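Presented below is the structure to which this report refers.
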Amino acid sequence: MELLRGQPAIRATADLLGQVAVPAVDVDPGAKRGETPLALCIAGPHQNLLIAFDGADELGALLTARDKPLAAEDAKPVHQALVRSWGQGPARWACMRLSALLLAGGRPRDLTLGGLSRDLQLDPPPDASLSFAAWAARVQTVAQLVNRLSPELKRQEMGWASRIEASAVAPIAEMELCGMPFDAALWQRLTREAFEERRTLSQRLATHLQTVQGPDLFGGSGVNLDSDATLKAALHALGHRVPDVRRQTLALLPPPLGPDLVRYRELFKLTSAYGDSFLAHVGLDGRIHPTFEQIGASTGRLSCHNPNLQAIVKGTPHRACFRTSAERTFVIGDYAACELRILADMSDDPVFAEAFAKNEDLHARVATEIFGVKVTKHEHVELRDRAKAINFGLAYGMGAGGLARATGTDVTQARDLLAKYFRTFPKIRAFLEHNAALGLARGYAHTLTGRRLYLDVGADNDSRAQAERIAKNMPIQGTSADITKLALAHLRQALLAHPDTLLVNTVHDEIVLECPLPKAPLIAELLRTHMSRAGAEILRHTPLSVDVVLSPTWDK
DNA sequence: ATGACACGC
DNA sequence: GCGTGTCAT
């Protein structure tokens, strides 16, 4: 097969782009791993081109400057390869994987090219490693599949959700390339200190526990503090009848044993998850480059790994290791009470609506309504805490059991509290129960943009209750994900005019930018504008308020 | 491989 | 409720 280059390649590409609305593209496997790209394949359903990837800038402009999306089997790595070689990529992608994931709606499905071809009764694609011709045939199959998946998404009322996913590919792909600026030396120092403290603490704990167990061969206590089972046994031997060795349980033990054990477990976490394994993810540029899964959770939220930047402990020195250079700053945008505002919008509850319109302290307002006494951040704080626990529980789809665990009460009391809550907010109860009934009847829950999550409803009561919780919660959590993804897409386009400003991270309802210090106020306004605009596009009448913070480190 | 735990939202 | 990562079994 002919490998085109130079002017003939550009002419052929222009021809193909004129004939095919959404052509599929792919780059060679090495290019996806970050090596210099060798070859590019562009295909329509009935034609294909193979092009030598030798720095034809004109080709890049041709592919990325169009208003229409490009298609790919898995768009993110292709986008990254295009950005690495041309400094730019298209604004939207018709990604076969993401489309199939949306249609699957949380049900297990074979997302490979072969599997999807079989599902849609297309000819099985050949093995790409066989030849250039086989590769081109595969890319052609991608073009055919995307042509079939797109109308299916529309038919299932997921056109809006899929357009959001299509425009979130570029910002997410570019965020991975950017990474977060990171102070590895500081991290190393913190880890070393944690190791030291852990060692001395483990020696002190050994002398306490030794009294029952007796010293082992090596003079230690014989109790492996890192093993839940042995630690529990040792505590039983000392007469502490603990049900488990969770932090909350250990905290109740008398000093110095209790506090020491709590601190030890803390340090254990810090030295394992945050030790050298974390440093392995520092790139050659000194920055941390995680991997984002665009539809990582069944609700539509992103997931993050290697490392998981969504689980960095707040309020610890470790967080300050994410730090910009002196002449730059983070601009951190955070949706305030996002899930609750979505709940307010979707349920049309008047009290919630008023509280958010006036920007009141919602937890205090809810507590005042439920308990019939005036509650503020200072008066009757314990009542505010209980209201807050319910509000959070609702946002996360907790049942009475979960609420009891969260508040430290028994299930009866939790049920009581929930009943009181729903008497006070009948609209919220109606909305949640409507969602549960509709979800079970239709077999899926959905967000405001049409994103679906299919429920597997078993025969038993537990499985039914589980499905109901998901049906109540997914529309809220999933709509939050829709909004954040839409904001990422808007921001990516807006930041094309600010090449010195980078999109570096996102954590569910938070977006982190990095820019030069002098333009931080401008970027802060831009971040706030686009985040609230995304909210306004999806929610019907509840404004989303966005807290924006400027900081050289990643804390708020 | 799996369960327990701890972190985030 | 949804995730990821670590360790011990």
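Fair warning: this is a prediction, and the values are worked out from it, not measured in the lab. Chain identifiers are assigned alphabetically (A, B, ...) following the order of the sequence lines, protein sequences preceding nucleic acid strands; residue numbering begins at 1 within each chain.
Distance A:H508 NE2 to C:dG3 C1': 6 Å, rounded to the nearest Å. Distance, A:F268 CZ to C:dC7 P: 6 Å, rounded to whole Å. A:Y264 places its OH atom 16 Å from the P atom of B:dC5, with the value rounded to the nearest Å. Taking atom CG on A:L343 and atom P on B:dC9, their separation rounds to 20 Å, with Å as the unit. Computed from coordinates, the A:R265 CZ to C:dC7 C1' distance equals 10 Å when rounded to whole Å. Straight-line distance from the CG atom of A:L455 to the P atom of C:dG1: 14 Å, rounded to whole Å. Between A:H318 atom NE2 and B:dC7 atom C1' there is a gap of 13 Å when expressed in whole angstrom units. Straight-line distance from the CD atom of A:E293 to the C1' atom of C:dG5: 15 Å, rounded to whole Å.
Considering only side-chain N and O atoms, A:N308 lies nowhere under 4.0 angstrom from the phosphate OP1 or OP2 of C:dT6. Listed pair A:S298 / C:dG3 meets the phosphate criterion, a side-chain N or O lying under 4.0 Å from OP1 or OP2. A:Q466 has a side-chain polar atom (N or O) that falls below the 4.0 Å cut-off from OP1 or OP2 of C:dG1.
A:R452 forms a cation-pi arrangement with A:Y444, by the criterion of a distance under 6.0 Å to the ring centre and an angle within 45° of the ring axis.
In this structure, A:H281 and A:F278 have perpendicular ring planes: the angle between them is above 60°, well past the 30° mark. Using cut-offs of 30° and 60° on the angle between ring planes, the pair A:F352 and A:Y421 is perpendicular.
Among the nucleotides C:dG3, B:dC9, C:dC2, the one closest to the side chain of A:S303 is C:dG3. Closest to the side chain of A:Q477, out of B:dG8, C:dC2, B:dC9, is C:dC2. The side chain of A:H305 lies closest to C:dG5, out of C:dG5, C:dC2, B:dC9.
With 3.5 Å as the limit, one finds a donor-acceptor pair spanning the side chains of A:H79 and A:E174.
Here the side chain of A:K76 pairs a donor or acceptor atom with the backbone of A:F292 at under 3.5 angstrom.
Comparing A:H281 and A:R301 by the nucleotide of DNA chain C whose heavy atom lies nearest to each, the residue mapping closer to the 5' end is A:R301.
Contacts of A:L302 with the nucleic acid, taken as non-hydrogen atoms under 4.0 Å apart, are absent. Across all strands shown, A:K314 has heavy atoms under 4.0 Å from sugar-phosphate atoms exclusively, and none from any base. Residue A:C338 is classed as having no contact, given no heavy-atom separation below 4.0 Å to the nucleic acid. As judged by a 4.0 angstrom heavy-atom cut-off over every strand, A:I312 is placed among residues touching the sugar-phosphate backbone only.
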